[in-house]
Structure formats: structure tokens, C-alpha cells
Amino acid sequence: MTSKHFLFLFFFIFCFSSFPSHARFIPGRPSPTGLVSDGISTVKNLPYLLLKPPVSAEESCEQSYGFLPCTTTVLGNMFLIIVYGYLMYLAATYLSYGSELLLEILGPGIVGGLFLPMLGALPDAMLILVSGLSGTAETAQSQVSVGMGLLAGSTVMLLTVIWGSCIIVGRCDLHDSVAIDGTNTKGFNLKESGVSTDIWTCYAARIMAISVIPFLIVQLPQALSSTSGRQLAVLIALIISLLMLISYCVYQVFQPWIQRRRIAFAKHKHVISGILRHLKKHALGRLLTDDGEPDTEIIRKLFETIDENHDGGLSPSELRALIIGIRFEEIDLDQDDAVSKVIADFDTSRDNLVQEDEFVEGIMKWINEAKQTGGAYLESNAGTIKFIDHFHQQTKREHALLGSEEQSDEVVENVENPRWISIKAVLMLLLGTLIAAAFADPLVDAVDNFSEATSIPSFFISFIALPLATNSSEAVSAIIFASRKKQRTASLTFSELYGAVTMNNVLCLSVFLALIYVRGLTWDFSSEVLVILIVCVVMGAFASFRTTFPLWTCSVAYILYPFSLGLVYVLDYVFGWS
């Protein structure tokens, strides 16, 4: 992969090293053809190569970096957009590959939570930054629509086309509203095939939906038809966006620790439900009295059956034998940890033994906890206690939703030559950053010039074309992960999509707002903001409260993409809403 990309990059720089030019129009030497200029001479008109009338004699190309080409024709700018877009794709690919190498040797803590999300959003942020730094304030105001188009287009593409494609390639058979890993016998059945994720993916979707708050703040003065408070609204939105960025990074850093704690708690609840089911079985279902209270006499008899040496206390070895006998096959249970947690729950005297009275009190407490989740399953007559089975099913599902434990932010011992992998990862990240920084400005200029040559608004070009370059590596990675047809990889896929949109809404928006405020530009993007709000809120609400997505849900995502593009066109260019 890398050798081919390096060869293309070398070929591009070598071929155009003799072109002292730039993609921005300035008054200067005549270029009557509008073709690519060599900066030295002109040629006769070749109107069959032009898709617009020849430019005036006052328009020419300006030198950029001493070698990058420019053009004033439609075909020429289209070629430059393709070339620069491919280079931005290379930048995104190198950043993504370098990130994956780091994650091979480092866990998701500080590196995975703080640096990698920012690096993933770097190409978009770079393009947004240069779109507002070019030339005078008037030029920046014209080109900043490219940055807004990229921001809106990237968000919409991630949550519509890529999201829906991941549902299709990652679909598995659904059983009891849960996808069965690795099975796909239902084909394209809209209701009986789909994708399941864990609960952390729901949290990521909720964070994504919350991250649109700065858009609402900056749009408030225009919604109220006020002109006096627009700069203040931009400043407030910038501050809140930065605070949300910091908060999101902190959450990403501590999320693995939170996840491990939640999984440990879920495993403990699983032990509780397993022991209660075991006691219910050996008590012939009569753990409750006729009035629905725990039957202490039955519980004491059960204690005697567990107390093998009949010394009036349950030792850790006796509790361990109980847990081994129950056979917790559904979870990866640390038996010693489970024993210590049971003792911590029961042993109020702290003598490392569970006395009979402590056992009775502990079981009564567990039964009352299980009864709180019983609801309609609570039936104590005739010795039937269905709420325990319901509690057991609920804990199994809760543990499944939490997914598997992630590794900590430490060097992984089984990785061969971690030092070389670290060096390689850093070099890839630096190369991706340099490419993005070098070619972001020429790409923005090419888009702006193509817009002038075709009279197509630059917003639509950046909305449709630029996300294909900056998000292509994320799209390929997401689809490859989803195609593995497992809940864990599906959860990772959709969490990364929601995380990328969140970074767009906080990091990229922060860059954009900073440009608007520092350069004194006008915030004039009402329709674009509305599209971002609609897509983020609809997909965020859709994914926040469900973990299973049947195949038909991909149609919702696919419909949103043309709807978003059409909405911007109607509001901006039919009704003139801004």
C-alpha cells in the first residue's frame, strides 16, 4: 500500500515541479486560453477545450510553493480537485494507518482517547482552516463556504451513506431481537436480519446528538432575526465547543476504566442471579412465603447443604465450590473475584467467613433486589418465583450489551518489536499531517475556481466531493470491520462513526468558529446548520435507545442523504434563506 502511494506522490511533485503557479486568480499577465499556465508564455485560443468563455486578459495564475499548477478551465480544475483530493485521501489513510499501529501497542486510554480522535479529524480541520485564512476578508468570506460544505458533507455522509452500508455488509440473522454472530441465512430479509451493538455504542450516539449544541447557539441570533449579537453568539459557541471537546476527550480517556467497572458490576449481578436460581432449584421454588417475603427457614436449610463441614460458617473454599457447581458458562468469570465479592456482600463481621445469620440476611437482600426488577413476573403463589428467572435473563442481556473488556493504556506484551512499530506509527502520522497541511490550501483554491468556472456553488462541490477524499479511509475501515459480522466489530464500527461526527461537531466547528470570530467574518449558514441538526438529531435519537438495527433501518439513512442535499438547495437557492 505505502510504496504505491509514495510513488504516486513522487511522480506528482516531479511532473509539476516546473510550474510556478497557483490556483488563485489575480490581475497580471494575460492568459487568454484559460488553460494550465507555465508562468512564462501563452498560447493561442483553443475554444474546444473550454467549458466557459475565455477569461479576461487581466486574470492569470499566481505562484504557489514555487511548483504547484493552476488552471482557469473546468477540466483543468476538475483534474486538480481529483489529484489534490487523492493526496488528501493519502493523508487520511496514513493518519488512520498510523493510529491503528499505535493502538496495536497502546490501549484506548490517553493515546486512544485524546490524540487519535483529533488526528482522525485533522484533514477536515486543515481544509476548514485554510478555507478561512486565504487572502482578504472578502476572499475568506467567499472561500469559507468550502469549509462549511466539507463540515456538513462529512457529517451527512458518515451518518447516511456509510452508516447504511455498514448495516448491509454487517447484517446477521436476528433471534429474539439480537444478531447472532457470523450467521447470515436470512439474506436481505428486512426484519429478520440486521446488526446488534453494545450499550457503549448507544452512549456514543447520545454524545453525538448532544454535540450539536454549539450549532444551536451560533444560529440563535439569526433565528431571532438579530444582527447585534452575532459575534457574541460566535464567541459563546466557540467557548462551549472547546469545553465540549475537552470533556469528550476526558470521557474517551476514562471510558475504558468506566467500562471495566460496569462489566465487573454486571458479572457480580450475574453471580447473584446464578446463586438465586441455584437456591430456587434446590428449594423446589419455595424461597418466598405466601405473603411474598423471603422464607428464612428454607434459606437456613439451604445454608446447611452448602456448609459441608457443618461448622456454622461458609469458608471461601466452600463458596468457591458452590460457584464452580453452578457453572457460569455464559460469562468469562473470575471465580476467585466472584468469591471475594460474595464474601464482601455477606460478611458483615469481617472475619472472612459467612455465618448462618449473615447468609440469611445476604440472600434476603439479593431476593429483594431481584424483586425490584420482577414487575409482572413476581408471582409467589404455589411456590413459583418467576422474577428470579426474569432477573437472570436481564443480567445476561445487560452483560452482553456491555461487550468485552478493553485493554488498558499499557504496552501489549505479545506485540513483536513494539519500538519499531512505534517509530513507524509516528512517521506515518507525521507524513499524513504534512500532506494534509501542504495540499489543503491548493485543494480549496481548486474547488473555488471550479465553482467560478461552472457557476456551481462551491458549497455543493465541497459537500459532495471533498468528504469522499477526507472520509474515504474511515469508510473503508468501517465497512471492513462491519463485514466481520460480529457484535463487537459492529459496535466498534458504529462507535467510530459517531465519534468522527462528534469530532466534526466540536473540533472542526471550533476551528471554523475561531476563523469566523478572529477574521470578523459573517456567520451565514442557516440551511447548512439545519441539515447538520436534522441528520445528527434523527440518527442520534435513532441509535441512542436501541442496540439492534434490522436491515430496513438502512433505508432511513439512505433517504436522509438526498433529502439533506435537496433541503440545502431549496433553502439557499430557491428561497434565499441564509
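Just so you know, these numbers use all the heavy atoms, side chains as well, and skip hydrogens, waters and symmetry mates. Every value quoted in this text rests on a predicted model; they were computed, and no experiment measured them. For reference, positions follow the sequence shown, starting with 1.
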TODO: Quick one: closest heavy-atom pair of Leu319 and Val354, and the distance?
DONE: CD1-CG2, 4.0 Å
Task: Side-chain touch Leu95/Met428, heavy atoms, less than 4.5 angstrom - done: no
Open item on the list: Within the 4.5 Å heavy-atom criterion, are Phe303 and Leu314 side-chain neighbours or not?
Closed with: yes
Task: Whether Asp124 side chain and Ile128 backbone form a donor-acceptor pair below 3.5 Å - done: no
Open item on the list: Check whether Gln252 reaches the backbone of Cys249 with its side chain - one donor and one acceptor, N or O, closer than 3.5 Å.
Closed with: no
Open item on the list: Can you classify the ring geometry of Phe359 versus Phe346 as parallel (below 30°), tilted (30 to 60°) or perpendicular (above 60°)?
Closed with: perpendicular
Open item on the list: If I take atom OG from residue Ser211 and atom CD1 from residue Ile240, how far apart are they, to the nearest 0.5 angstrom?
Closed with: 13.0 Å
Open item on the list: Check this for me: does any side-chain nitrogen of one of Asp357 and Arg300 sit under 4.0 Å from a carboxylate oxygen of the other?
Closed with: yes
Open item on the list: I'd like to know whether Val195 forms a side-chain contact (heavy atoms from CB on, under 4.5 Å) with Phe494, so could you lay out the CA-CA distance, the side-chain angles of the two residues, the decisive distance to 0.1 Å, and finally the verdict.
Closed with: CA-CA 10 Å; Val195 171; Phe494 290 101; 3.8 Å; yes
Task: Gap separating the CD atom of Glu496 from the SG atom of Cys166, nearest 0.5 angstrom - done: 9.5 Å
- [ ] Say whether Asp173 and Ser193, considering side chains only, have a donor N or O and an acceptor N or O under 3.5 Å apart.
- [x] no
Task: Candidate pair Trp163 and Phe549, rule ring-ring contact (aromatic ring centres under 6.0 Å, His included), full reasoning - done: CA-CA 11 Å; Trp163 192 95; Phe549 301 92; 5.5 Å; yes
- [ ] Give, for atom SG of Cys508 and atom CE of Met126, the distance between the pair rounded to the nearest 0.5 Å.
- [x] 10.5 Å
- [ ] Please assess Tyr203 against Ser544 for the test side-chain hydrogen bond (donor to acceptor under 3.5 Å, both in side chains), listing each intermediate value before the final yes or no.
- [x] CA-CA 7 Å; Tyr203 297 158; Ser544 294; over 6 Å; no
Task: Beyond-backbone contact of Lys365 with Asp345, side-chain heavy atoms, under 4.5 angstrom - done: yes
Task: Donor-acceptor side-chain pairing of Ser495 and Thr201 below 3.5 angstrom - done: yes
Open item on the list: Rounded to the nearest 0.5 Å, what separates atom CG in Leu434 from atom OH in Tyr94?
Closed with: 12.0 Å
Task: Criterion side-chain hydrogen bond (donor to acceptor under 3.5 Å, both in side chains) on Ser349 and Asp347, from CA distance to verdict - done: CA-CA 5 Å; Ser349 61; Asp347 184 20; 3.1 Å; yes
- [ ] State, to 0.1 Å, how close Lys485 and Val169 come at their nearest heavy-atom pair, and which atoms those are.
- [x] NZ-O, 2.9 Å
Open item on the list: Run the side-chain contact (heavy atoms from CB on, under 4.5 Å) test on Asp181 and Cys172 for me, step by step, so that the C-alpha distance in whole Å, both residues' side-chain angles and the decisive distance to 0.1 Å come before the verdict.
Closed with: CA-CA 7 Å; Asp181 286 355; Cys172 298; 5.5 Å; no
Open item on the list: Is there a side-chain contact between Asp307 and Asn309 in this structure, where contact means two heavy atoms from C-beta onward sitting under 4.5 Å apart?
Closed with: yes
Task: Test item: Ile168 and Phe188 side chains (from C-beta on) under 4.5 Å apart, heavy atoms - done: yes
- [ ] Walk me through it: do Leu245 and Met503 pass the test side-chain contact (heavy atoms from CB on, under 4.5 Å)?
- [x] CA-CA 8 Å; Leu245 173 62; Met503 293 305 292; 3.7 Å; yes
Task: Donor-acceptor under 3.5 Å (Asp351 side chain, Leu353 main chain) - done: yes
TODO: Compare all side-chain heavy atoms of Met244 with those of Ile210 and state whether any distance is below 4.5 angstrom.
DONE: yes
TODO: Would you confirm whether Thr553, through its side chain, and Pro550, through its main-chain N or O, come within 3.5 Å as a donor-acceptor pair?
DONE: yes
TODO: Indicate the atoms forming the closest heavy-atom contact of Arg171 with Asn184, along with that distance.
DONE: NH2-ND2, 3.7 Å
Task: Over all atoms of both residues, closest heavy-atom pair of Ile162 and Ala475 - done: CD1-CB, 3.5 Å
TODO: Could you go through the side-chain contact (heavy atoms from CB on, under 4.5 Å) check for Tyr251 and Ser247 one step at a time?
DONE: CA-CA 6 Å; Tyr251 169 76; Ser247 301; over 6 Å; no
Task: Donor-acceptor side-chain pairing of Ser491 and Thr197 below 3.5 angstrom - done: no
Open item on the list: Can you confirm whether Lys301 is buried at NZ, in the sense that more than 12 heavy atoms of other residues, nucleotides or ligands lie under 6.0 Å from that atom?
Closed with: no
Task: Candidate pair Ser196 and Thr548, rule side-chain hydrogen bond (donor to acceptor under 3.5 Å, both in side chains), full reasoning - done: CA-CA 4 Å; Ser196 290; Thr548 298; 3.1 Å; yes
Open item on the list: What I'd like to find out is whether the side chain of Asn505 reaches to under 4.5 Å of the side chain of Pro214, using heavy atoms alone.
Closed with: no
Task: Any donor-acceptor pair under 3.5 Å from Thr155 side chain to Ala152 backbone - done: no
Task: Distance, nearest 0.5 Å, that separates CH2 of Trp552 from CG of Leu190 - done: 10.0 Å
- [ ] Would you mind reporting whether Val531 and Val156 have side-chain heavy atoms less than 4.5 Å apart?
- [x] yes
Open item on the list: How long is the straight-line distance from CD1 of Ile217 back to CG of Leu238, given to the nearest 0.5 Å?
Closed with: 11.0 Å
- [ ] Grab the two heavy atoms, one from Ala237 and one from Val218, that are nearest each other, plus how far apart they are.
- [x] CB-CB, 3.8 Å
TODO: Verify the neighbour count for atom CZ of Phe542: are there more than 12 heavy atoms of other residues, nucleotides or ligands below 6.0 Å?
DONE: yes
Task: Nearest non-hydrogen partners of Ala321 and Glu308, listed with the distance - done: CB-OE2, 4.3 Å
